[in-house]
J.: 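Below is one structure. I have some questions about it.
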Amino acid sequence: MLKILVYAIIFIALVTLSRLDYNLLPAIESYSYLIASVALLFLGVFLQPLAWLIALRSIGVRIPYDFSAFSIGISILGKYLPGKVWAIVGRAGVVSKATDVGIKKLSLVSLFAQAVVVLSGTLFLPFYYYDWLSALLMSLAVILFAVACVIAARHLIGALVVELRALALILLLYLFIWLLWGVGFLFLVRAISTSSYDWVLLTVFPSSASLSILALFSPGGLGVREAFIAIGLNTAAVDSVVIPQLVVASRVWFLFGELAIFFFALYRLKSYTLR
């Protein structure tokens, strides 16, 4: 059954991604910056399984790093399906089949971890987007969402799913991951544009990506993340002519990172039994 879901996710993701206007992809001005950008992207992508490990170990589930990466990679393209639940439930389902831990509990753990991901990304908001009051309100909304997850978990299973210490570690790890991706995005901009831009641009991608996760019915945040990135670039006085090119480039750039861990999962698929 899980194999069928994987194939369905691949098909729908390819259809969704085929609708992007790749004709807007710009010429590369600096391959050094591009290589550095992709390296930071991949480093952040392959640090994500550590956060999933921390969350699982807080409830007594122990799996190796490669299986954690496998569970994330095999379901990561599920984010391109409406609803955003496929990537969250997918990794929980993979671990559930391997450990016999209930998928309901693991899905709640996955949801908690995802809430921390969003929270950590929105912490970059006050440094860049809009005015301080708007940024504060958006950050508060995400914190309230995280609190709602805690309340829901207590109501459903009578206890906090993930230990607070584990949540704090995940928060710190993802702050580092978002920083890697933020600097990577800045390097991507410098790889495409010859103009010199301030380091504050590194906050654009973390803020935009974390907010797009909240767009539940937009596959992979398609359109939402790009809109926030465009706003951030415009605020930074980036040339309006290259903004559409940078927006599309950012989508393709991050897709490379997702495909990297997805193909890692496909490579490891023969080592694990999915029925």
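Worth saying up front: this structure is predicted, and the values here are computed from it rather than measured.
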J.: Side chain to side chain contact (heavy atoms under 4.5 Å, CB included) for Leu119 and Tyr174? Distances and angles first, verdict last.
T.: CA-CA 9 Å; Leu119 176 61; Tyr174 257 96; over 6 Å; no
J.: For a quick test of reading the model, state the closest non-hydrogen atom pair linking Ala113 to Arg91 and the distance between them.
T.: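 Smallest interatomic distance, heavy atoms only, reads CB-NH2, 3.8 Å.
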J.: Can you name the residues that form a ring-ring contact (aromatic ring centres under 6.0 Å, His included) with Trp181, not counting sequence neighbours?
T.: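 Residues passing ring-ring contact (aromatic ring centres under 6.0 Å, His included) with Trp181: Trp178, Phe254.
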J.: How long is the straight-line distance from CZ of Phe262 back to CG of Leu255, given to the nearest 0.5 Å?
T.: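 Leu255 CG to Phe262 CZ: 11.0 Å, rounded to 0.5 Å.
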J.: Verify the neighbour count for atom CZ of Phe176: are there more than 12 heavy atoms of other residues, nucleotides or ligands below 6.0 Å?
T.: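 Open.
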J.: Indicate yes or no for a side-chain donor-acceptor contact from Ser250 to the backbone of Val247 under 3.5 Å, with no hydrogens or angles considered.
T.: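 Side chain of Ser250 to backbone of Val247: a pair is present.
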J.: Is any side-chain heavy atom of Ser96 closer than 4.5 Å to a side-chain heavy atom of Val101?
T.: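 A side-chain contact is absent here, since even the closest heavy-atom pair is not under 4.5 Å.
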J.: Test of understanding: with side-chain hydrogen bond (donor to acceptor under 3.5 Å, both in side chains), list the residues that count as partners of Ser210, not counting sequence neighbours.
T.: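 Ser210: no side-chain hydrogen bond (donor to acceptor under 3.5 Å, both in side chains) contacts found.
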J.: Which pair of non-hydrogen atoms, one from Ser107 and one from Ile88, has the smallest distance, and what is that distance?
T.: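 Here Ser107 and Ile88 meet closest at O-CG2, 4.2 Å.
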J.: Suppose we screen for ring-ring contact (aromatic ring centres under 6.0 Å, His included). Which residues come up paired with Tyr33, at least two apart in sequence or across chains?
T.: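 Residues passing ring-ring contact (aromatic ring centres under 6.0 Å, His included) with Tyr33: Phe187.
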J.: State, yes or no, whether a side-chain contact exists between Val38 and Phe256 at a heavy-atom distance under 4.5 Å.
T.: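 With C-beta onward as the side chain, the pair stays apart.
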J.: List the atom of Ile63, the atom of Leu56, and the distance in Å for their closest heavy-atom pair.
T.: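 That closest heavy-atom pairing would be CD1-CD1, 3.4 Å.
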J.: In terms of relative ring orientation, are Phe42 and Phe46 parallel, tilted or perpendicular, with 30° and 60° separating the classes?
T.: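 Perpendicular, since the angle between the ring planes exceeds 60°.
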J.: So, do Phe205 and Ile229 sit near enough that their side-chain heavy atoms are less than 4.5 Å apart?
T.: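 Side-chain contact under 4.5 Å: yes.
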